[in-house]
Amino acid sequence: MAEVTLKDVALASGCSIATVSRVLAGTRPVGAETARTVRAAAEALGYRPNHVARALRSRSTGTVGLVLPQITNPFFPSLVRELEHALHAADRAVLLADCDDDPVTEAARINALLARRVDALLLIPVDERRSREAVATAAARVPLVLLDRGCGPGVADSVAVDNVAGMALVLDHLAATGRRRPCFIGAAGTASAAAERRAAYEAGAAALDPGAPGRVALGDFSVEWGRAAVDRLWPSRPDAVVCANDLIAAGALQRLRQLGADVPGEVAVTGFDDIPLAGLADPALTTVRQPLAELAAEAARLLARNPAAGPPAARRAVRLAPELVVRASSVGPNLLEADVF
């Protein structure tokens with residue numbers, strides 16, 4: 001069957017091709033009766049817009065490339081869902097690429113998306129330093145926004161949760177519930193979220209115990225590392241295990257139970273991100289909730305604020321307020337679960 005064209009719709013509706021184009025593209029106001037006539041003709045003929053032809057005419061593909069470190073981390077699919085909603089509302093589609101936590105692969109994925117003529121890029125960089133060159137090069141070509149993690153000042157617009165504030169919420173909660181010997185399980189490397197959470201713990205935990213900044217184990221953002229790190233830290237008998245994300249916390253909870261530790265009576269456990277797993281853990285996990293819908297909406301606004309890549313001096317860094325979700329992994333049964341602060 002031949003493709004239905006604007007000319008076909010124009011003939012069926014008795015309107016000009018220009019009028020049909022305005023109605024179907026929504027670019028200019030058209031009388032209500034004319035618009036109804038055009039849309040009825042288009043529906044009757046089965047007209048479908050040719051996005052490729054539109055892209056050639058406008059030099060805009062209506063697509064945004066999104067590069068993730070590792071899609072298997074449950075935090076990222078939740079964020080992708082919100083991003084897809086925010087961008088769809090702006091009539092933009094998303095092309096997704098996973099770089100498996102490798103900066104070389106990340107650079108290749110960025111180049112592949114640019115070769116497909118995406119209008120803009122969203123990126124959660126693998127590493128603050130090793131991702132910087134590829135990000136800076138891409139940001140000079142198309143609007144680019146960094147999510148959740150940064151690549152240093154002036155490289156690109158960015159939006160992330162305030163990791164320092166999130167860790168302060170955790171430590172204040174632990175202090176209020178009588179914990180005085182915390183330890184920290186985090187991720188090594190220079191991914192900015194990992195570094196910020198670690199530094200915030202070390203700065204804030206010293207107020208609880210001068211030795212707390214030294215009780216740190218660094219690996220990666222995984223359940224397996226959470227289990228292994230507990231074996232390293234448990235001999236020092238901490239009364240709180242502060243984890244840099246919920247996957248680490250899930251592994252820590254599992255290993256502590258295997259060791260016979262009473263959670264939360266003997267030791268509290270906290271996470272960061274509030275992925276769906278956090279509420280399903282046993283006991284349910286106290287964690288820092290990231291405002292995913294706000295992150296996505298702000299990223300879409302940053303992409304739209306400037307259609308062309310701007311100079312480094314114009315870059316914006318937006319930090320959003322987190323919430324602490326208190327559950328059974330850090331409080332006794334006399335306190336309500338799922339309190340949000």
Chemist: Can you find a heavy atom in the side chain of Leu295 that is under 4.5 Å from one in the side chain of Gln290?
Modeler: yes
Chemist: Would Met167 and Val242 count as a side chain to side chain contact (heavy atoms under 4.5 Å, CB included) here? Give the steps.
Modeler: CA-CA 9 Å; Met167 194 55 63; Val242 179; 3.6 Å; yes
Chemist: Looking at His85, I'd like to know if its NE2 atom is crowded, meaning that more than 12 non-hydrogen atoms belonging to other residues, nucleotides or ligands lie closer than 6.0 Å.
Modeler: yes
Chemist: Which donor-acceptor pairs under 3.5 Å do side chains of residues 75-83 form with protein atoms, sequence neighbours excluded?
Modeler:
| from | atom 1 | to | atom 2 | distance (Å) |
| --- | --- | --- | --- | --- |
| Ser78 | OG | Pro74 | O | 3.4 |

Chemist: Under 4.5 Å between any side-chain heavy atoms of Arg180 and Asp239, yes or no?
Modeler: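 Result yes, sub-4.5 Å side-chain heavy-atom pair found.
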Chemist: Output side-chain donor-acceptor pairs under 3.5 Å for residues 130-137, partner residues at least two apart or in another chain, one line each.
Modeler:
| from | atom 1 | to | atom 2 | distance (Å) |
| --- | --- | --- | --- | --- |
| Ser131 | OG | Glu106 | OE1 | 2.5 |
| Ser131 | OG | Val126 | N | 3.4 |
| Ser131 | OG | Asp127 | N | 3.1 |
| Ser131 | OG | Asp127 | O | 3.0 |
| Arg132 | NE | Cys151 | O | 2.7 |
| Thr137 | OG1 | Glu133 | O | 2.9 |

Chemist: How is the hydrophobic cluster of Leu280 composed, in terms of its other members, when Ile, Leu, Val, Met, Phe, Trp and Tyr link through side-chain heavy atoms under 4.5 Å apart, directly or indirectly?
Modeler: none
Chemist: Is there a continuous path of hydrophobic side-chain contacts, each under 4.5 Å between heavy atoms, that joins Leu169 to Val164?
Modeler: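 Leu169 and Val164: separate clusters.
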Chemist: Which other residues end up in the same hydrophobic cluster as Ile185, if Ile, Leu, Val, Met, Phe, Trp and Tyr are linked when side-chain heavy atoms come under 4.5 Å apart?
Modeler: Phe221, Trp225, Val230, Leu233, Trp234, Val241, Ile248, Leu253, Leu256, Leu259, Val263, Val267, Val269, Leu285
Chemist: With sequence neighbours left out, write down each residue that passes side-chain hydrogen bond (donor to acceptor under 3.5 Å, both in side chains) with Asp209, or none if nothing qualifies.
Modeler: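 Per chain and number, Asp209 pairs via side-chain hydrogen bond (donor to acceptor under 3.5 Å, both in side chains) with Arg215.
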Chemist: Quick one: are Leu24 and Val38 in side-chain contact, heavy atoms under 4.5 Å?
Modeler: yes
Chemist: To the nearest 0.5 Å, what is the distance between CG (Leu320) and CD (Glu294)?
Modeler: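 Going from CG on Leu320 over to CD on Glu294, the span is 5.5 Å.
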Chemist: Report the C-alpha separation of Asp100 and Arg109 in whole Å, then their side-chain angles, then the decisive distance to 0.1 Å, and conclude whether the salt bridge (charged side-chain N to carboxylate O under 4.0 Å, His left out) test is met.
Modeler: CA-CA 11 Å; Asp100 202 25; Arg109 297 289 186 268; over 6 Å; no
Chemist: At what distance, to the nearest 0.5 angstrom, does CG of Leu147 lie from CG of Leu66?
Modeler: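 It is 7.5 Å, given to the nearest 0.5 Å.
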Chemist: Contact between Val318 and Arg316 at the side-chain level, heavy atoms closer than 4.5 Å - yes or no?
Modeler: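 When only atoms from C-beta onward are counted, Arg316 and Val318 do touch, with a gap below 4.5 Å.
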Chemist: Test of understanding: with side-chain hydrogen bond (donor to acceptor under 3.5 Å, both in side chains), list the residues that count as partners of Asp101, not counting sequence neighbours.
Modeler: none
Chemist: So, taking the atom named CG in Leu277 and the one named CG in Asn245, what distance separates them when rounded to the nearest 0.5 Å?
Modeler: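 Here the interatomic distance stands at 10.0 Å.
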Chemist: Output every pair passing ring-ring contact (aromatic ring centres under 6.0 Å, His included) with a member in residues 177-219, not counting sequence neighbours, ordered by first then second residue.
Modeler: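 For residues 177-219: Phe184-Tyr201.
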Chemist: Any chance the side chains of His173 and Thr286 put a donor and an acceptor closer than 3.5 Å?
Modeler: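 The answer is no; no qualifying pair exists.
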Chemist: With sequence neighbours excluded, give me every salt bridge (Lys or Arg N to Asp or Glu O under 4.0 Å) pair touching residues 154-173.
Modeler: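 For residues 154-173, and leaving out neighbouring residues, the salt bridge (Lys or Arg N to Asp or Glu O under 4.0 Å) pairs sorted by first residue read Asp157-Arg305.
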Chemist: When you compare the side chain of Val331 with that of Thr177, does any pair of heavy atoms fall below 4.5 Å?
Modeler: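 Yes, their side chains come closer than 4.5 Å.
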Chemist: Give me each pair satisfying salt bridge (Lys or Arg N to Asp or Glu O under 4.0 Å) with a member in residues 225-234, each pair once, sequence neighbours excluded.
Modeler: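 Applying salt bridge (Lys or Arg N to Asp or Glu O under 4.0 Å) to every pair that reaches into residues 225-234, excluding sequence neighbours, yields Asp231-Arg255.
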Chemist: Any chance you could measure Leu122, atom CG, to Leu96, atom CG, to the nearest 0.5 Å?
Modeler: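 The CG atom of Leu122 sits 11.0 Å away from the CG atom of Leu96.
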Chemist: Tell me whether Arg181 contacts the main-chain N or O of Ser236 through its side chain, where contact means a donor paired with an acceptor under 3.5 Å.
Modeler: yes
Chemist: With Arg327, which of Asp274, Thr287, Thr270 fulfils side chain to side chain donor-acceptor pair (under 3.5 Å)?
Modeler: Asp274
Chemist: Does the distance from a Lys or Arg side-chain N to an Asp or Glu carboxylate O, for Arg289 and Asp246, drop under 4.0 Å?
Modeler: no
Chemist: Do you know the tightest heavy-atom contact between Ala244 and Gly186?
Modeler: CB-CA, 3.7 Å
Chemist: The criterion is salt bridge (Lys or Arg N to Asp or Glu O under 4.0 Å); which residues satisfy it with Glu33, sequence neighbours excluded?
Modeler: Arg36
Chemist: For the atom pair CD (Glu196) and CZ (Arg149), what is the distance rounded to the nearest 0.5 Å?
Modeler: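 Answer for the CD-CZ pair, Glu196 versus Arg149, is 11.0 Å.
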Chemist: For the atom pair CG (Leu68) and CG (Asn73), what is the distance rounded to the nearest 0.5 Å?
Modeler: 9.5 Å
Chemist: For Asp282, enumerate each residue passing the salt bridge (Lys or Arg N to Asp or Glu O under 4.0 Å) test, keeping only those at least two apart in sequence or located in another chain.
Modeler: Arg257
Chemist: Can you sort out the partners of Leu95 under side-chain contact (heavy atoms from CB on, under 4.5 Å), two or more places apart, ordered by chain and number?
Modeler: Leu113, Arg116, Val118
Chemist: Between Leu247 and Ser222, is a side chain to side chain contact (heavy atoms under 4.5 Å, CB included) present by the stated rule, with each step listed?
Modeler: CA-CA 5 Å; Leu247 290 178; Ser222 70; 5.7 Å; no
Chemist: Any chance the side chains of Thr37 and Thr34 put a donor and an acceptor closer than 3.5 Å?
Modeler: no
